[in-house]
Amino acid sequence: MRRYALATLILLTVVSALFGALSATYTPVDVLFFKLGNEVSTPNTPAGTFGSNRLVAYMGTIVITATGGSPILNPHLMNYNGANHIWLSGPMPTWGQGDQVSQFNVWAKTTFNSTPFELWLGNTEMFLNVGGPTEITQNPFIIDLFLASHQPSSLYVKDAIYRITGGSFGSFNIRVLESKNVWKEIYVPINGQTLPPGGGPPATSIPIPAGGPGAPLPEIPYGEIPEVSPELTYGLTIITEPPFLTSSAYTPNSAKVATAQLFINGGQQNTTYKVDITFRNAANSPSFNLRLDGDPDGYAIPYALL
């Protein structure tokens, strides 16, 4: 089975002077499965966010991170080959004999909004916050994706399998407003995408289903989590702090320079995972020193990372 965990680590006492930038990660789930809406939860979406009247499957998480003081302005999905409705076939006894086809939609829950909202993937663009254009004040900005039933959950059968027969999740890129003062939209690299010069979209977009384009449409069970053994993987995002005065970091003081967000994918519930933190410099030397930029032979100030 798959579990999603988030750990926050603090790195201290090192100078970082990066230019402002935005980046994003998308982590899809390995296996989709339905639960009653009020039973679904992630670190960003507490249980009870959805009502028990919906059938809901958690699909994955988008994380947009700003560094160097960059604002997160008007983030929105650029959608490709998606559909506003996803159609699933499976047993619904109150509707008639045999399998019936019913409507599902993709929903989002963000750290900027307290309630989930529908994502219309058939639209070319879709804002990632309720209410349209705005500046996101959370960093990182986290968006959970869900597949939710349009019909009441009481119509579906526990432990049954439902198959996608129509519609498409498609794929996406992310675009934001570059500045508060100039209306210029730029793309945000997702999972290490290369952005072409001139402001065009990346060469490839990010598929929403775990299998990607061309993968068989999944069968989605309602009830027990499918027994699978996914590969254990880790994702790391570094959020840097603004530059600081060296005088503020003299012993016994220290200065916060970054937060590391570690995502553990494919982990098992009630299992402990060990994380080792290793600090290295460009020279791979056992000690760390600061020197004036452009003066590699100048006086060195030793420092430590905590």
Side-chain angles (χ1 to χ4, degrees), residues 6-26 43-44 61-75 110-112 128-129 133-143 174-195 197 199 234-263 275-306:
L6 169 65
T8 301
L9 313 173
I10 306 300
L11 314 181
L12 300 178
T13 320
V14 60
V15 171
S16 176
L18 299 176
F19 293 105
L22 296 180
S23 62
T25 60
Y26 174 59
N44 170 53
T61 296
I62 301 169
V63 179
I64 303 176
T65 303
T67 59
S70 288
I72 303 177
L73 298 171
N74 302 355
T110 80
T111 47
F112 192 75
L128 284 171
N129 58 280
T134 190
E135 178 176 2
I136 304 300
T137 53
Q138 285 82 13
N139 186 22
F141 176 44
I142 302 174
I143 307 101
I174 294 176
R175 203 160 67 176
V176 298
L177 192 63
E178 183 178 43
S179 166
K180 297 179 182 179
N181 302 318
V182 179
W183 190 271
K184 178 184 177 182
E185 293 184 327
I186 58 173
Y187 285 90
V188 177
I190 311 169
N191 296 349
Q193 284 176 321
T194 298
L195 300 182
Y234 298 85
L236 181 65
T237 300
I238 302 293
I239 306 169
T240 60
E241 297 286 325
F244 62 89
L245 296 175
T246 53
S247 58
S248 67
Y250 290 158
T251 303
N253 299 321
S254 61
K256 179 181 177 182
V257 298
T259 298
Q261 289 193 317
L262 179 65
F263 295 88
V275 178
D276 293 322
I277 304 173
T278 302
F279 300 110
R280 292 189 178 93
N281 56 24
N284 203 26
S285 62
S287 60
F288 295 79
N289 296 286
L290 296 175
R291 287 184 171 86
L292 286 175
D293 189 22
D295 187 10
D297 300 319
Y299 180 78
I301 303 173
Y303 69 94
L305 292 167
L306 309 173

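Throughout, residue positions are numbered sequentially from 1 according to the sequence presented. The figures that follow rest on heavy atoms only: side chains count, while hydrogens, waters and symmetry mates do not.
For Gln138, there are no side chain to side chain donor-acceptor pair (under 3.5 Å) partners, not counting sequence neighbours. By the side chain to side chain donor-acceptor pair (under 3.5 Å) test, Gln193 is found to be paired with Asn173, residues two or more places apart in sequence or in another chain being considered. Under the side-chain contact (heavy atoms from CB on, under 4.5 Å) criterion, Pro140 pairs with Val63, Thr65, Ile142, Ile239, Gln261, sequence neighbours left out.
Rounded to the nearest 0.5 Å, atoms CG (Leu73) and CD1 (Ile186) are 9.0 Å apart. Considering CG of Asn289 and OH of Tyr303, their distance stands at 7.5 Å, rounded to 0.5 Å. Going from atom CZ of Phe244 over to atom CG of Asn253 covers 11.5 Å, rounded to the nearest 0.5 Å. One distance of note links CG of Leu305 with OG of Ser254; it measures 11.0 Å at 0.5 Å rounding. Put simply, CD1 on Ile136 and CG on Leu22 are 11.5 Å apart, with the number rounded to the nearest 0.5 Å. Taking CD1 from Ile64 and CZ from Phe112, the interatomic distance works out to 12.5 Å, rounded to the nearest 0.5 Å.
Counting all heavy atoms, side chain and backbone alike, Ala21 lies closest to Ser70 at N-OG, 2.9 Å. Closest heavy-atom contact between Ala258 and Glu241: N-CG, 3.8 Å.
Within the 4.5 Å cutoff, side-chain heavy atoms of Phe141 are placed close to those of Leu128. Thr25 has its side chain within reach of Asn191: a pair of non-hydrogen atoms, C-beta onward, lies under 4.5 Å apart.
The backbone N or O of Ala66 lies less than 3.5 Å from a partner atom in the side chain of Asn139, making a donor-acceptor pair.
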